[in-house]
Amino acid sequence: MSQSNARSRNYITQLKGSVFFKCGAILATFLAMPIMIKYLGVEQFGIWSTMLTLIGWVMMFDFGIGNGLKNKISESLARNDTQKAAGFISTAYGLIGFISIFLFFTFFSISYYIPWQRVFNTQIISDDELRYAAVALSFFVFSNFWISLVNQIYHGLQKSSFVTFGQFVSNVLALVFVVILYYFYDTSLIKMVIVYGFALLLSNGLLSFLIFSSNVNLKPNLKSFDSKKVYSLLSLGVKFFVIQLAVIVIFMTDKIIITQLLGPENVTPYEVVFKLFSVFTILHSLILLPIWPAYSNAYAQGDFSWIRATLKQQIKIAFALFFGASLLSFLGPTIVSVWIGSDLMLDETLYIFFFGFIVVSVWSNVFAYFVNSVNKINVQLFTSVIAAVINIPMSIYFVSNLDMGLNGIVLATTISLSIYALIGPFQVLRILR
């Protein structure tokens with residue numbers, strides 16, 4: 001069997017497994033959300049959602065090492081150099097372990113000086129309880145930050161279905177724990193943090209056991225730490241890191257702006273509609289994730305015919321997702337009413353704005369995943385920085401000056417992403433020529 005055919009067959013295999021487990025993971029998330037809202041209440045759920053966003057920022061602080069590791073593993077294995085791949089794995093684990101410990105103790109130290117009630121714009125939870133919850137969540141997140149490198153190893157080995165299996169396990173565990181909280185315990189933000197954290201750690205712990213028990217030669221150890229590979233990972237990783245920072249600004253500051261300008265209670269309707277439309281971004285990432293290491297493998301072997309054919313296929317898939325998102329923009333109000341209940345008040349135009357966001361986001365990712373996989377990320381780096389710079393002031397202007405409410409937040413994000421959506425296709429054409 002040719003390399004092209006083997007690569008395509010593996011992609012289909014991984015995609016089938018990913019779809020199966022991702023559907024289960026999404027179902028668990030959708031079932032858990034209304035229970036979380038009932039357990040915490042609308043305002044506390046808004047705080048919880050915002051807290052996850054804040055902590056999610058630090059998950060980006062791996063200096064792009066994770067994405068760099070994924071590419072290095074793919075390139076090394078494409079050249080049948082297992083020892084080199086193992087060296088990159090051990091080096092990445094050492095770096096991320098040090099960063100995780102440093103960031104946790106730094107956050108723990110400064111947590112005493114942060115006015116938590118002001119950060120979350122609330123009086124219903126004491127400052128001490130908010131700090132305890134934030135510190136506990138940071139412990140779980142930083143621990144997971146380290147062991148979740150196993151996901152990049154699976155990607156590098158072109159076994160992305162195992163990553164979605166881990167997400168499925170995590171979401172199902174979270175659902176079970178949330179149901180137990182709802183029926184047997186009083187409302188508590190800290191308890192929610194603990195069950196969420198354990199769900200993350202248990203799932204990634206399982207993935208780590210599976211991969212390293214069957215691939216002993218890739219198991220990280222201190223002896224394989226290679227200082228020369230630190231520069232190799234960081235030189236590529238820093239570019240990914242800057243893009244990740246831009247993503248933080250573009251996506252994760254939205255809830256902070258909503259909390260400060262419109263109140264934490266408005267985070268909940270935004271999160272509900274975002275979660276509804278995220279079905280398409282999740283599905284698209286599900287389709288694209290197995291293709292990232294496959295692109296790296298094909299590029300390293302000079303198989304440009306396979307790359308061109310695959311890109312054309314991905315464009316067709318994108319248009320199918322556009323059609324599905326357009327239907328959801330009309331059916332969304334009915335779905336949310338059945339899913340969450342009629343008590344949640346939503347402006348129906350919000351669904352239209354999220355449709356526009358999906359179109360731009362999906363189109364951008366078709367080309368971004370390819371350039372990321374072959375390390376041609378300078379254009380994306382440039383456009384991401386511009387998008388990050390304009391997103392926050394644009395969001396504030398739309399909300400404060402034009403009185404657009406949540407619609408203004410979504411519109412600002414969409415416009416910011418449009419820069420690469422316009423430039424990205426031309427960059428890919430240039431690379432392939």
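Keep in mind that this is a model prediction, so the values were computed, not measured.
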When rounded to the nearest 0.5 angstrom, what distance separates [atom1] in [X] from [atom2] in [Y]?
X: Gln314; Y: Ile287; atom1: CD; atom2: CD1; result: 6.5 Å
X: Leu417; Y: Asn365; atom1: CG; atom2: CG; result: 8.5 Å
X: Phe323; Y: Leu328; atom1: CZ; atom2: CG; result: 12.0 Å
X: Lys22; Y: Ser285; atom1: NZ; atom2: OG; result: 5.5 Å
X: Phe104; Y: Trp146; atom1: CZ; atom2: CH2; result: 15.0 Å
X: Met33; Y: Glu271; atom1: CE; atom2: CD; result: 4.5 Å

Q: Evaluate the side chain to side chain contact (heavy atoms under 4.5 Å, CB included) criterion for residues Tyr420 and Val360: first the C-alpha distance (whole Å), next the side-chain angles of each, then the deciding distance (0.1 Å), finally the verdict.
A: CA-CA 9 Å; Tyr420 185 76; Val360 172; over 6 Å; no
Using only atom types and a distance under 3.5 Å, with no angle test, would you say the side chain of [X] pairs donor to acceptor with the backbone of [Y]?
X: Trp48; Y: Ile37; answer: no
X: Ser214; Y: Leu210; answer: yes
X: Asn151; Y: Val163; answer: no
X: Ser337; Y: Pro333; answer: no
X: Thr187; Y: Leu40; answer: no
X: Ser138; Y: Val135; answer: yes
X: Ser213; Y: Phe209; answer: yes
X: Ser90; Y: Gly87; answer: no
X: Ser170; Y: Gln167; answer: no
X: Ser400; Y: Tyr397; answer: no

Just wondering, more than 12 heavy atoms not from [X] lying within 6.0 Å of its [atom1]?
X: Phe139; atom1: CZ; answer: no
X: Asp186; atom1: CG; answer: no
X: Phe212; atom1: CZ; answer: yes
X: Asn401; atom1: CG; answer: yes

Q. Would Val366 and Ile315 count as a side chain to side chain contact (heavy atoms under 4.5 Å, CB included) if you check the C-alpha gap in whole Å, the side-chain angles of each, and the deciding distance to 0.1 Å?
A. CA-CA 7 Å; Val366 167; Ile315 291 172; 4.1 Å; yes
Does a side-chain heavy-atom distance below 4.5 Å link [X] with [Y]?
X: Thr414; Y: Phe353; answer: no
X: Leu149; Y: Ile153; answer: no
X: Asn391; Y: Asp254; answer: yes
X: Leu175; Y: Val178; answer: no
X: Ile282; Y: Ile26; answer: yes
X: Thr13; Y: Ser161; answer: no
X: Phe319; Y: Trp363; answer: yes
X: Phe30; Y: Leu276; answer: yes

[X] to [Y] - nearest heavy-atom pair and separation:
X: Ala298; Y: Ile307; value: CB-CG1, 3.9 Å
X: Ser416; Y: Ala412; value: OG-O, 2.9 Å
X: Leu200; Y: Asn144; value: O-OD1, 3.6 Å
X: Ile243; Y: Leu381; value: CG1-CA, 3.8 Å
X: Ser384; Y: Ala246; value: O-CB, 3.3 Å
X: Ser143; Y: Leu201; value: CB-CD2, 3.8 Å

Q: Examine the side chains of Asn171 and Thr29 and answer whether a donor and an acceptor come within less than 3.5 Å of each other.
A: yes
Do the two ring centres, one from [X] and one from [Y], sit under 6.0 Å apart?
X: Phe21; Y: Phe165; answer: yes
X: Phe140; Y: Phe198; answer: yes
X: Tyr270; Y: Phe354; answer: yes

Q: Start with the C-alpha gap between Ile415 and Phe398, add the side-chain angles, then the distance that decides, and say whether side chain to side chain contact (heavy atoms under 4.5 Å, CB included) holds.
A: CA-CA 12 Å; Ile415 293 174; Phe398 287 159; 4.1 Å; yes
Q. Val150 and Tyr93: side chain to side chain contact (heavy atoms under 4.5 Å, CB included), yes or no, with the steps?
A. CA-CA 9 Å; Val150 68; Tyr93 267 85; 3.7 Å; yes
